Chemist: 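Here you go, one structure.
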There are 2 protein chains.
Amino acid sequence: MKVVFVMEDNKLTVRAVERALDIMLCFTESTELTLTEIASRVDLHKSTVHRLLASLEGKGFIMRDAATDKYRLGYRLWELSANLSQEGDPGIILLPEMERLRDLLGETISLYVQDGLERIRIQAVQSNHAIRRVAPVGARMPLYVGASSKVLVAFAEPAVQQQLLASADWPTGLDQQAFLQQLGDTKRAGFATSVEEREPGAAAVSAPIIDRGGRLVAALAVSGPANRLTLELMQEQAPLIMEAARRMGTMLR
Amino acid sequence: MKVVFVMEDNKLTVRAVERALDIMLCFTESTELTLTEIASRVDLHKSTVHRLLASLEGKGFIMRDAATDKYRLGYRLWELSANLSQEGDPGIILLPEMERLRDLLGETISLYVQDGLERIRIQAVQSNHAIRRVAPVGARMPLYVGASSKVLVAFAEPAVQQQLLASADWPTGLDQQAFLQQLGDTKRAGFATSVEEREPGAAAVSAPIIDRGGRLVAALAVSGPANRLTLELMQEQAPLIMEAARRMGTMLR
DNA sequence: TAACTGGGTTTCATATAGTGAAACTATTTG
DNA sequence: CAAATAGTTTCACTATATGAAACCCAGTTA
């Protein structure tokens, strides 16, 4: 037995690079930014930011808008995006299955994976009605609200789960108890539901997609307006959704 | 008057960052790479690459495949991709127009922009027949072959054009003369054609898209197999394509 | 079971290379 | 025309990134 205390600054990492990447991340909020805006966001000197931007620009990761002269993301990201989803990626392989499920249930189907302390939406097919504006593919959400969060944590490998729950910036306070409770329920039932947890007026059911090696790959989620997707309806549909998720899992790896 | 000799090493740039970005660019060729593979590609020591990868991984730009444990692009790129094409980007705005043109001509329509010494394909709608495998959106091609290259250089702002032509790694040799010749033709005619320049068996016509400020924004291209898209046919269709490009230009900025 | 390979990770001494302050342009605004 | 704002360059300092070498695993092979 070995107890490990993960202390704070395990830094075997390159500061300049991290700073440059932080700069790129500024562009998840705004499309166009001026140097000084960036400098204040990442809290660095103009000159430092300028140098980092020059490096990013030189490699095409950042470019300057021809008209406004502001900085924006560069075309290199298009190039990388193109190679992101290769054949073999769940998001591609499962798309047809997801469409089939959408046609069956008539609601929006999404695929979520866990990344750090967040979950991100890697694939989606829109409901036919498509009433509400939904988060785009690529969007990040916290890992402690929503049906698919529960699934991702509940079915994570024990080691990973420990790490997630022990993590520092996990939300403290009352709801943590409730969340742990729900994790148990989720594991037992094989699926999770959420009603207006993340977004008011929205509800979702989610089930784990587990590959042939027994690894949790993603959470499949059916979501829609809470008045259509009532708790009863979701529980009624759960077996169907779990079965779909199981079938999807067999298609992987 | 001021003559500027741009000498070689104008480096006001951060080496570590450039190296990290080079590492990311390795993943345009392969989806999965091992540390040592990367190290040899970018010609750096294992330990250096390891540290850079740690930084990239920490920020989510690189991740390790759960199964193979190899390195691959991280989910942060999904996130950035989602914010790449905002409302207001030519690739989005012009899409419906491009589809209309595709339906009219029945061939693949693409949008290219110039980036450094390359041109990149930022948007495309496939021909209905879709016989041949075409480069994906995001693909980069040299700036000295193909119809849209001629358009992008010919209609570039004079200063930019000078820079491009004077640039060091521009291909030397015979074709340079021919290319300059063709630039003149292109500017005069208002469009360019190419037959089997870049890819054997492929042909294309291209016209400039110029925004209301008079700025060259992109090159619109119609491409298809050379036996269907003969030189005569392309010249016949040129006015139509130029008109479409002009209309698209008026929709911008 | 020992020696060997091929991945990844960590340590460490060294000087290179990144840093922020400040000076300097260029462009806008009052 | 002064004042302000945004971007760029220079420079001295030492913090920080670097590569060599050592180390740690799993698998293979002998």
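Lettering of chains follows the sequences in order, A, B, ..., and the numbering in each one begins at 1. Bear in mind that the values here come from a model prediction, so they are computed numbers and not experimental data.
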Chemist: Taking B:Ser30 for the side chain and B:Phe27 for the main chain, is one N or O donor matched with an acceptor at less than 3.5 Å?
Modeler: no
Chemist: Side-chain N or O of A:Arg64 versus OP1/OP2 of D:dT8: is the shortest distance under 4.0 Å?
Modeler: yes
Chemist: To the nearest Å, give me how far apart CD (B:Glu18) and C1' (C:dA17) are.
Modeler: 12 Å
Chemist: Without decimals, in angstroms, what is the distance between A:Leu44 CG and D:dT16 C1'?
Modeler: 15 Å
Chemist: Ignoring backbone atoms, establish whether B:Thr34 has a side-chain N or O less than 4.0 Å from OP1 or OP2 of C:dG8.
Modeler: yes
Chemist: With B:Ser148 as reference, evaluate B:Arg119, B:Gln114, B:Arg121, B:Met141 under the side-chain contact (heavy atoms from CB on, under 4.5 Å) test and give the passing residue.
Modeler: B:Arg119
Chemist: If you compare every side-chain N and O of B:Ser47 against the phosphate oxygens of C:dT11 (OP1, OP2), does one of them come in below 4.0 Å?
Modeler: no
Chemist: Strictly below 4.0 Å, N to O, side chains only: are A:Glu18 and A:Arg15 in salt-bridge contact?
Modeler: no
Chemist: With side-chain contact (heavy atoms from CB on, under 4.5 Å) as the criterion, how do A:Leu220 and A:Leu111 come out once you've worked through the C-alpha distance, each side chain's angles and the decisive distance to 0.1 Å?
Modeler: CA-CA 5 Å; A:Leu220 178 72; A:Leu111 220 50; 4.0 Å; yes
Chemist: Given D:dT9, C:dT9, D:dT18, identify the nucleotide with an atom nearest to the side chain of B:Leu35.
Modeler: C:dT9
Chemist: Hey, is the side chain of B:Arg51 poking within less than 4.0 Å of OP1 or OP2 on C:dG8, counting only N and O atoms?
Modeler: no
Chemist: Answer yes or no: is there a side-chain heavy-atom contact under 4.5 Å between A:Met24 and A:Leu77?
Modeler: yes
Chemist: Just compare C:dG8, C:dG18, D:dT18 and give me whichever is closest to any side-chain atom of A:Val14.
Modeler: D:dT18
Chemist: Pick the closest DNA chain D nucleotide for B:Leu52 and for A:His50 by heavy atoms, then say which residue is nearer the 5' end.
Modeler: A:His50
Chemist: Expressed as a whole number of angstroms, how long is the span from A:Leu12:CG to C:dT10:P?
Modeler: 5 Å
Chemist: Return the value, rounded to whole Å, for the distance between atom CG of A:Asp69 and atom P of C:dT27.
Modeler: 10 Å
Chemist: Say you pick atom P in C:dT14 and the same atom in D:dC13; how far apart are they, in whole Å?
Modeler: 22 Å
Chemist: Judged by each residue's nearest nucleotide on DNA chain D, which is more toward the 5′ side, A:Arg19 or A:Leu33?
Modeler: A:Leu33
Chemist: Please report, rounded to the nearest Å, how far the P atom of C:dT28 is from the NZ atom of A:Lys70.
Modeler: 14 Å
Chemist: With rounding to the closest Å, how many angstrom separate the P atoms on C:dT16 and C:dC12?
Modeler: 22 Å
Chemist: Whole Å only: how far is the NZ atom of A:Lys46 from the C1' atom of C:dG18?
Modeler: 19 Å
Chemist: Rounding to an integer number of Å, can you tell me how far B:Leu53 CG sits from C:dG7 P?
Modeler: 15 Å
Chemist: What is the distance, to the nearest angstrom, from the CD1 atom on A:Ile38 to the P atom on D:dT5?
Modeler: 19 Å
